[in-house]
Amino acid sequence: MKSYVHLIVLFVLLGTSKVFSQTTRIPDQTIPINPVTVLKPYYLQIAYNKTTNIIFPTPVKTVDRGSADVLAQRADGVENVLRVKADREDFEQTNLSVITGDGKIYTFLLEYNKNPTNLTINLNLEGLNHAGGSVNFNGTNGQVGQNSYVVFEDVKVSDSQLNNITGAIAKKPRFIKKVGEEQNGILFALRGIYIKDNVIYYQLYVKNRTNINYDIDFIKFYIRDKKLVKRTATQDIEVPAIFESNPTQTITGKTELTKVFAMQKFTIPDDKDLVVELYEKNGGRHSKLIIPNDVIVQAREQKSL
């Protein structure tokens, strides 16, 4: 009887050993990955018809896409801003890896969403030792202040400087009179353009004359040929903003809102226009401004504060 018991125990042990070896066996001459060394990715949703801008603490050096269904490129003339969007709707989950000039790596887990919540992510505002692939950059506990830069090819502007300048411009009176439109009770106008160093600032004004709240979906800048009748993706060149003042996205009835957008200095040929589109979220009260180059060159100098 004991021999039978011994045989049963032996079979149980052999079976357990086999299962264990199948599930936990590590190939010879390899080192198991310590969970402490694994950097968790950021989770990011992107869309086909909207561009997501990611601002990094230092210049972007290399970008690797896990799938061709994702478009990613550095903004023209701006070294630390990456523009990301979907090249196909409803793509399968994929990833994105970015290496910056300070040798740090950022990883993102990407999923499709027609209406992503975040369209501008400023990684300058991350604290130390975050869950992603970058640690210990200048700044502590998210208080990066003067150390947080948007890096152009030949000029640096800190977040605090951009915040101060756009705040001052928002209070300036209107000097551009002929760019604006009003429809469905919504007035959308360009009040002024200002220039400081290599950054140009657009002062936009929205007034809600109705009793119905106006929720902003997005405000987008792009360059378009004057002679084009129908818009296509290849004919429009989007101009990304590197800073937007006033995070308010809802204009309640009978109120107004001023926003200032900062972007790298540029002018356009006379056969093209700068177009600014204002879209209402879950609504149809959309507006559009046409800004020709002869208006852009009226930009006034913004003096240091």
Side-chain angles (χ1 to χ4, degrees), residues 51 53 75-78 81 83 120 150 152 154-155 157 161-162 164-209 214 216-232 234-246 251 256-280 285-305:
T51 299
N53 295 291
D76 293 339
V78 184
V81 178
R83 303 167 63 188
T120 301
V150 171
F152 297 107
D154 54 359
V155 68
V157 184
Q161 289 172 329
L162 286 170
N164 291 337
I165 292 172
T166 56
I169 290 174
K171 300 175 183 178
K172 292 180 179 288
R174 181 180 184 181
F175 76 87
I176 293 179
K177 306 292 185 181
K178 64 178 183 178
V179 181
E181 73 167 24
E182 181 172 0
Q183 57 181 350
N184 300 316
I186 301 298
L187 171 63
F188 185 38
L190 174 69
R191 294 174 63 90
I193 305 175
Y194 297 85
I195 185 75
K196 178 172 172 54
D197 298 324
N198 274 3
V199 183
I200 193 166
Y201 301 86
Y202 288 84
Q203 180 191 26
L204 302 180
Y205 173 80
V206 186
K207 185 170 185 176
N208 184 0
R209 300 188 190 276
Y214 187 96
I216 298 174
D217 188 4
F218 63 85
I219 298 176
K220 181 171 69 173
F221 293 72
Y222 59 89
I223 297 171
R224 172 186 293 180
D225 290 340
K226 288 184 176 181
K227 295 182 179 180
L228 290 179
V229 177
K230 185 176 181 180
R231 177 187 174 191
T232 67
T234 57
Q235 293 164 341
D236 294 342
I237 303 174
E238 187 172 350
V239 184
I242 51 92
F243 192 87
E244 173 186 345
S245 73
N246 196 339
I251 309 170
E256 58 191 34
L257 174 69
T258 297
K259 281 181 175 285
V260 179
F261 290 80
M263 53 194 64
Q264 188 185 16
K265 177 194 69 177
F266 68 92
T267 57
I268 57 177
D270 290 336
D271 62 347
K272 297 181 183 294
D273 287 320
L274 176 66
V275 181
V276 186
E277 288 185 337
L278 168 67
Y279 267 67
E280 181 182 20
R285 295 179 291 178
H286 309 320
S287 299
K288 180 169 61 179
L289 302 179
I290 307 295
I291 308 174
N293 192 55
D294 62 355
V295 172
I296 296 175
V297 296
Q298 295 179 34
R300 294 183 176 180
E301 180 184 4
Q302 172 62 36
K303 296 182 180 180
S304 298
L305 300 177

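All values reported here derive from a predicted model rather than from experimental measurement.
- Shown here are the ring pair (Phe, Tyr, Trp, His ring centres under 6.0 Å) partners of Phe266, two or more places apart in sequence or in another chain: there are none.
- When each of Ile223, Thr267, Ile237 is checked for a side-chain contact (heavy atoms from CB on, under 4.5 Å) with Lys272, only Ile223 meets the rule.
- Inter-residue side-chain proximity for Leu204 and Leu289 is flagged as met; some heavy-atom pair is nearer than 4.5 Å.
- Summarising the geometry, atom OH belonging to Tyr214 is positioned 7.0 Å from atom CZ belonging to Arg285; distances are rounded to the nearest 0.5 Å.
- Using a 30° and 60° split on the angle between ring planes, Phe175 and Tyr194 fall in the perpendicular class, above 60°.
- Side-chain contact check for Thr120 and Glu244: no donor-acceptor pair (N or O, by modelled atom type) lies under 3.5 Å.
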Original post:
Run the side chain to side chain contact (heavy atoms under 4.5 Å, CB included) check on Ile176 and Ile193 step by step: do they pass?
Top reply: CA-CA 8 Å; Ile176 293 179; Ile193 305 175; 3.7 Å; yes
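- Using a 4.5 Å cut-off on side-chain heavy atoms (C-beta onward), Gln161 and Val199 make no contact.
- Checking side-chain atoms of Ser245 against main-chain N and O of Val260 turns up a donor-acceptor pair under 3.5 Å.
- Across all non-hydrogen atoms, the minimal contact from Val206 to Ile251 is CG1-CD1, 3.4 Å.
- The side-chain heavy atoms of Val275 and Ile290, taken from C-beta on, include a pair separated by under 4.5 Å.
- Checked against the 6.0 Å centroid criterion, the rings of Tyr202 and Phe261 do not qualify as a close aromatic pair.
- Taking CD1 of Ile186 as the reference point, atom NZ of Lys207 lies at 11.0 Å (rounded to 0.5 Å).
- Counting only residues at least two apart or in different chains, side chain to side chain donor-acceptor pair (under 3.5 Å) contacts with residues 173-186 comprise Glu181-Gln183, Glu182-Arg209.
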Original post:
Between Ile219 and Val276, is a side chain to side chain contact (heavy atoms under 4.5 Å, CB included) present by the stated rule, with each step listed?
Top reply: CA-CA 7 Å; Ile219 298 176; Val276 186; 3.8 Å; yes
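- Evaluated for a side-chain hydrogen bond (donor to acceptor under 3.5 Å, both in side chains) with Tyr205, the options Arg191, Glu256, Lys259 yield exactly one hit, Glu256.
- Scanning both residues, Glu238 and Tyr222, for their nearest heavy atoms gives CA-CB, 3.7 Å.
- Nearest heavy atom pair, residue Gln203 against residue Pro173, reads OE1-O, 4.3 Å.
- Of the inter-residue distances, the one linking Phe243 atom CZ with Thr166 atom OG1 reads 4.5 Å to the nearest 0.5 angstrom.
- Counting all heavy atoms, side chain and backbone alike, Ala170 lies closest to Thr258 at O-CG2, 3.8 Å.
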**OP:** Give the intermediate values and the outcome of side chain to side chain contact (heavy atoms under 4.5 Å, CB included) for residues Val81 and Ile242.
**Re:** CA-CA 8 Å; Val81 178; Ile242 51 92; 4.2 Å; yes
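- Among residues at least two apart or in separate chains, side chain to side chain donor-acceptor pair (under 3.5 Å) pairs with a member in residues 288-305 are Lys196-Ser304.
- Residue Lys220 holds its NZ atom at 7.0 Å from OG1 of Thr51, rounded to the nearest 0.5 Å.
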Original post:
Checking side chain to side chain contact (heavy atoms under 4.5 Å, CB included) for the pair Ile296/Ile200: CA distance, chi angles, key distance, verdict?
Top reply: CA-CA 9 Å; Ile296 296 175; Ile200 193 166; 4.1 Å; yes
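- Between atom CG of residue Asp273 and atom CZ of residue Arg224 there is a gap of 9.0 Å, rounded to the nearest 0.5 Å.
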